[in-house]
Amino acid sequence: MKQTVYLQFLPEYDAYGISDEKIAELRAQNIIPLIELQPADYQQLAGSRPAPQKPTVAFLLGREKNCYTIDMPYAKAIAQSGVNIRFLTYDDNLAQLNGVDGLILPGGSFNSPNEFYTDPFKTTEDKPGSRSYAYITSIKQAEREEMPILGICAGAQMLGGMHGMKMYRNLKEYTQTSLEHKTKELEAHQVLIYPNTPLANILAAGYIETNSRHKEAMLPNDEISDLKIYAATPDATPEAWGNEEKNILCIQWHPEDFAAQGDEKMQKIYNWLADKALEYKQARPTRQISEKKKFFSR
């Protein structure tokens with residue numbers, strides 16, 4: 001059984017969230033929680049509630065001391081794109097993904113699968129219920145259903161790794177870079193946007209100043225993947241990659257930090273997903289008929 005439940009604002013974290021205790025209580029009753037923002041929260045974040053015909057985008061929640069959470073900048077940037085938001089937990093993410101039109105994979109601190117790295121010497125376990133496992137299974141289901149995906153920071157890295165790109169565990173240890181890639185500065189370094197890429201079309205810019213909050217990074221080699229690099233820092237560290245045909249966009253920095261402060265250029269990254277999700281939603285009836293025809297023609 002499914003039941004709609006709402007996130008609550010948690011001022012101590014400047015985030016919206018729901019407690020592990022509440023999720024456990026629902027699961028004990030065999031209830032799958034369909035987690036949403038309250039109408040008043042949309043009003044506060046974006047000035048209005050999304051219209052019913054707008055697409056629904058799923059967001060894989062982060063963690064904050066026994067709570068599932070979404071930080072305020074993410075909530076504001078996504079709400080400002082005009083979509084309905086459904087939130088995913090780590091045990092029920094696949095059921096919660098049913099019927100949505102797009103997926104956002106946020107950043108966060110957790111272990112990526114060992115095989116993603118250039119030095120696979122550490123043992124990691126991606127067990128059901130873990131954050132890493134939720135990312136992997138969510139990506140697989142979203143790609144199976146051909147829905148658009150936006151990955152941010154660690155979410156972008158997970159997508160890259162699952163498509164064959166490789167990662168440094170620590171840029172400072174494995175490269176000679178002089179850039180600081182892990183800093184709290186809002187404008188940490190410049191990023192060159194490669195011309196004739198989807199990101200260049202989205203941002204209409206040749207370069208931008210971004211924040212940078214990561215020590216892990218993708219290698220500057222997209223020949224081993226169907227994802228292509230769209231942008232890089234002056235030290236050649238990839239800052240964006242994706243697959244235009246599959247509607248996958250990966251961003252290493254945090255555009256929501258800018259978008260939440262009114263930066264229209266950075267907001268366009270979240271608007272891109274909203275637009276692609278709307279296209280996906282509008283094409284769904286045709287796609288379902290096509291799938292039925294495939295099934296009955298076997």
Side-chain angles (χ1 to χ4, degrees), residues 16 36-37 39 41-61 70-88 97 100-107 138-139 142 145-153 155-156 159 186-187 191 193-211 227-228 230-231 239-284:
Y16 292 93
E36 301 177 2
L37 286 172
D41 294 328
Y42 281 109
Q43 189 72 35
Q44 181 176 352
L45 291 165
S48 63
R49 186 180 182 183
Q53 66 269 26
K54 289 293 185 178
T56 298
V57 168
F59 180 94
L60 189 58
L61 288 163
I70 175 172
D71 291 341
M72 183 62 77
Y74 278 121
K76 192 168 180 63
I78 302 168
Q80 288 176 163
S81 75
V83 299
N84 297 284
I85 314 171
R86 180 179 300 169
F87 300 95
L88 310 181
L97 264 173
V100 306
D101 308 298
L103 173 63
I104 297 176
L105 301 163
S138 296
I139 290 169
E145 297 182 11
E146 300 179 345
M147 71 175 65
I149 308 175
L150 174 62
I152 302 295
C153 200
L159 277 160
L186 183 61
E187 294 187 353
V191 168
I193 311 297
Y194 294 167
N196 303 315
T197 61
L199 186 60
N201 294 334
I202 293 167
L203 296 179
Y207 68 89
I208 54 174
E209 293 286 336
T210 72
N211 50 32
L227 304 184
K228 299 306 168 188
Y230 295 161
E239 284 287 326
W241 49 95
N243 184 307
E244 184 172 18
E245 183 179 346
K246 295 180 179 179
N247 288 323
I248 296 173
L249 179 61
C250 302
I251 303 295
Q252 181 64 78
W253 71 92
H254 287 266
E256 68 280 354
D257 289 352
F258 297 90
Q261 297 184 21
D263 189 313
E264 294 181 2
K265 191 180 295 294
M266 294 295 192
Q267 180 63 46
K268 288 179 180 178
I269 291 171
Y270 286 92
N271 293 351
W272 169 87
L273 184 68
D275 291 342
K276 294 300 180 182
L278 180 59
E279 292 175 11
Y280 182 89
K281 177 182 176 69
Q282 292 172 338
R284 185 186 293 133

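In this text the structure is predicted, and so the values were computed from the model without any measurement.
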query = Is there a side-chain contact between V83 and Y270 (heavy atoms, below 4.5 Å)?
reply = no
K281 (side chain) donor-acceptor with P55 (main chain) under 3.5 angstrom = no
Separation of L97 CG from I139 CD1 (nearest 0.5 Å) = 11.0 Å
inquiry  = Please give me the minimum heavy-atom distance between E146 and Y280, naming the atom from each residue.
reply    = O-CE1, 3.3 Å
inquiry  = Just so I know, are the side chains of M266 and T210 near enough to count as touching, which here means a heavy-atom distance under 4.5 Å?
reply    = yes
ask   = Tell me, do V57 and I104 make a side-chain contact under 4.5 Å, heavy atoms counted?
value = yes
ask   = With side chains defined as the heavy atoms from C-beta onward, is the minimum distance between S138 and L103 less than 4.5 Å?
value = yes
Side chains of Y74 and I85 in contact at under 4.5 Å (non-hydrogen atoms) = no
request  = Mind checking the CZ-CG spacing from R86 to L61? Nearest 0.5 Å is all I need.
outcome  = 12.5 Å
message = If you define the side chain from C-beta out and look only at heavy atoms, does anything of F258 sit under 4.5 Å from Q267?
response = no
query = Okay, side chain of Y230, backbone of G242: is any donor-acceptor separation there less than 3.5 Å?
reply = yes
Intermediate values then yes/no, side chain to side chain contact (heavy atoms under 4.5 Å, CB included), I269 and L203 = CA-CA 8 Å; I269 291 171; L203 296 179; 4.0 Å; yes
query = What residue pairs, at least two apart or across chains, pass salt bridge (charged side-chain N to carboxylate O under 4.0 Å, His left out) with a residue in residues 246-270?
reply = R213-D257, D226-K246
ask   = At their closest point, which heavy atom of A231 faces which heavy atom of I193, and how far apart are they?
value = CB-CD1, 3.8 Å
task = Would you please test Y42 and N84 for side chain to side chain contact (heavy atoms under 4.5 Å, CB included) and show each step?
result = CA-CA 9 Å; Y42 281 109; N84 297 284; 4.2 Å; yes
message = Quick check: closest heavy atoms across A200 and P195, and the distance to 0.1 Å?
response = CB-CA, 4.3 Å
request  = Would you give the length of the straight line joining atom CD of Q44 to atom CG of L37, rounded to the nearest 0.5 angstrom?
outcome  = 10.5 Å
inquiry  = Can you confirm whether more than 12 heavy atoms, excluding those of E244, are under 6.0 Å from its CD atom?
reply    = no
ask   = Checking N211 side chain against H254 main chain: does a donor-acceptor pair fall under 3.5 Å?
value = yes
key: pair V191-W253: side-chain heavy atoms closer than 4.5 Å   = yes
inquiry  = Strictly distance-based, threshold 3.5 Å: is any side-chain N or O of D101 a donor or acceptor partner for the main-chain N or O of T56?
reply    = yes
query = Taking E239 for the side chain and I251 for the main chain, is one N or O donor matched with an acceptor at less than 3.5 Å?
reply = no
query = Is there side-chain contact between V100 and M147, with heavy atoms separated by less than 4.5 Å?
reply = yes
key: Least distance between heavy atoms, G107 atom then C153 atom   = CA-CB, 3.9 Å
query = CG of N201 to CH2 of W272: how many Å apart, nearest 0.5 Å?
reply = 12.5 Å
query = With respect to L105, which candidate in L150, I149, I152, L88 satisfies the side chain to side chain contact (heavy atoms under 4.5 Å, CB included) definition?
reply = I149
query = Do any N or O atoms from the side chain of W241 and from the backbone of L159 form a donor-acceptor pair under 3.5 angstrom?
reply = no
remark   = Rounded to the nearest 0.5 angstrom, the CD1-CZ distance for I70 and F59 is 4.0 Å
Full working for side chain to side chain contact (heavy atoms under 4.5 Å, CB included) between K228 and Y194 = CA-CA 11 Å; K228 299 306 168 188; Y194 294 167; over 6 Å; no
ask   = With distance as the sole test, does N243 use its side chain to make a donor-acceptor pair with the main-chain N or O of E245 at under 3.5 Å?
value = yes
request  = Grab the two heavy atoms, one from L45 and one from M72, that are nearest each other, plus how far apart they are.
outcome  = CD2-SD, 3.4 Å
ask   = Which pair of heavy atoms, one from A79 and one from A46, lies closest together, and at what distance?
value = O-CB, 3.5 Å
key: Gap between atom CG of L186 and atom CD of Q261 - 0.5 Å precision   = 5.5 Å
